[in-house]
Amino acid sequence: MLIEELDKLKIETLKEIEYVQYDSRKDLAEIKVKIFGKNGALTVLSKGMKDVDPQERPRVGALINDVRKSIEEKFSDKENEFKARELNEKLENEKVDITEPSKGQKKGAIHPISDVIDKMIDICVKMGFSVVEGPEVESDYYNFEAMNIPKNHPSRDMQDTFFINENILLRSQTSAVQAREMEMRKPPFKIICPGKTYRNDSDSTHSPIFHQLEGLVIDENVSMADLKSMLTILMKRLFGEDTSIRFRPSFFPFTEPSIEVDVSCPTCHGKGCGLCKGTGMLELLGAGIVNPKVLEMAGIDSKKYRGFAFGFGLDRTAMILNSIGNIKYLYKNDIRFLEQMK
Ligand code: FA5
C-alpha cells in the first residue's frame with residue numbers, strides 16, 4: 001500500500017513540476033511545501049515507515065529515498081531552467097550598443113593658481129632661491145609689528161585684515177614670513193614663500209582669499225638695481241620677452257625705498273578697459289629695499305647686510321597668463337572654466 005502511494009506520489013509530483021510554466025514559476029515553492037513541508041505528502045508517507053513490516057523496511061526506506069531524490073532533482077532542473085531564462089531576458093533587456101558614440105569624460109586641468117605657483121617656483125629655484133612656508137593663521141607680531149607696522153599705525157588700513165582675536169589673524173601678506181626667516185637664518189640667503197593670504201576685499205581683481213609669493217634676499221651690497229633686474233628677468237621668463245613692465249615708486253613701511261610693479265592688462269593689452277580701470281596696466285606686486293629697522297628687529301646687522309623683498313599677487317599673475325577677466329572665476333570650481341585651462 002505504502003509502496004504504491006510512494007510510486008503514485010513520485011509520478012504525479014514529477015508531472016506537476018514539469019507542467020509549471022515560466023510565468024507561474026512561483027508555484028514551484030508551493031509544490032515544495034506541499035511535498036516536503038511539515039505536513040507535506042512525502043513527510044506524511046515517510047512517517048508510515050513505523051507501521052511497515054521490519055523485513056520490508058529496507059526496501060521501503062530505499063524507495064522513500066529514491067522518491068525524494070527524484071523529486072529534488074526535478075525541482076533543481078526546473079529551477080535552473082528558469083534561472084537561465086531570467087538571465088537571458090536580463091541580458092537581452094540590458095543590451096549595450098558598443099557602436100554608440102561615447103559621451104566623453106569631463107576632465108579638468110591643473111588649476112591656474114597651482115600652475116603659476118609651479119612656474120614661479122621653477123624660475124626662482126633656478127635663480128638660487130629656496131622655497132619656504134609660513135603659517136596662514138599668524139600672529140599680529142609677524143604680520144605687522146615685525147614689518148615695522150606698529151599697532152594703531154595708519155598703514156594698517158592698507159590691508160583690511162581678518163582678526164581672530166587681538167593678537168591672532170589670518171595673514172594679510174606673505175611678508176609675515178620675512179621676519180620668521182630672518183630670525184632663523186644666517187645671511188646671506190635667498191628665499192621665496194608662496195601661499196594663501198586673506199583680506200576683506202572683493203571686486204573683479206580682489207578676492208578675500210588670494211595668493212602671494214614673497215621673495216627675500218639678504219646679503220651684503222644688495223641694491224635697487226639688483227631688485228629691478230631680477231624682477232625683470234623673472235617676469236620676462238614668466239610672461240614672455242615682449243611683456244611691458246612698469247616700475248612705480250610706492251610706499252610700504254617694511255621697505256625703503258618701495259616700488260610697485262605693473263604689467264600690461266591681459267584683456268585690452270594696454271589699450272584700457274574695465275578690468276584695468278582704463279589704465280592698460282595691472283598692478284602685480286610690491287617690492288623694495290628692506291627697511292633697516294626690519295633687519296634690526298629680526299637680529300640682523302643692518303650696517304653689514306642689506307636686503308630686497310618682493311610680494312607677487314599670484315591670482316593676478318594667473319589672470320594675466322590666462323587672460324582671465326575676473327578673479328572670481330579662479331574660485332568658482334567650475335569644470336567648464338578649468339577645462340579651458342588645459
Ligand atoms: C603687499 O602685500 C606687500 N606685502 C608686498 C611687498 C612685499 C612689498 C615685499 C614690499 C616688499 P600689496 O598690498 O600691494 O603689498 O599686495 C601685493 C599684491 O598682492 C598686489 O600687487 C596684488 O597683485 C595682490 N593683491 C593684494 N590684495 C589682493 C586681493 N584682495 N586679491 C587679489 N590679489 C591681491
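We count ligands from 1, going down the list as the structure has it; atoms in each ligand are counted the same way. Position 1 is the first residue of the sequence, and the numbers go up from there.
- The distance from atom OH of Tyr305 to atom CD of Glu296, rounded to the nearest 0.5 Å, is 12.5 Å.
- Residue pairs satisfying the salt bridge (Lys or Arg N to Asp or Glu O under 4.0 Å) criterion with at least one member in residues 246-256, sequence neighbours excluded, are listed as follows: Arg246-Asp262, Arg248-Glu260, Arg248-Asp262.
- Rounding to the nearest 0.5 Å places CG of Leu238 at 8.5 Å from OG1 of Thr243.
- Taking CE of Met297 as the reference point, atom CD of Gln178 lies at 11.0 Å (rounded to 0.5 Å).
- Sorted by chain then number, the residues whose non-hydrogen atoms approach ligand 1 to under 4.0 Å are Gln159, Gln173, Ser175, Gln178, Arg199, Asp201, Thr205, His206, Ser207, Phe210, Gln212, Glu214, Phe252, Phe254, Thr255, Glu260, Glu283, Leu284, Leu285, Gly286, Ala287, Ala309, Phe310, Gly311, Gly313, Arg316, Ile327.
- Leu87 shares a hydrophobic cluster with Leu91; the chain of contacts runs through ILVMFWY side chains whose heavy atoms sit under 4.5 Å apart.
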If you look only at distance, which donor and acceptor atoms sit under 3.5 Å apart when one is on a side chain in residues 272-283 and the other is two or more places apart or in another chain?
residue, atom, partner, partner atom, Å
Thr279, OG1, Cys276, O, 2.7
Thr279, OG1, Met281, N, 3.3
Thr279, OG1, Met281, O, 2.9

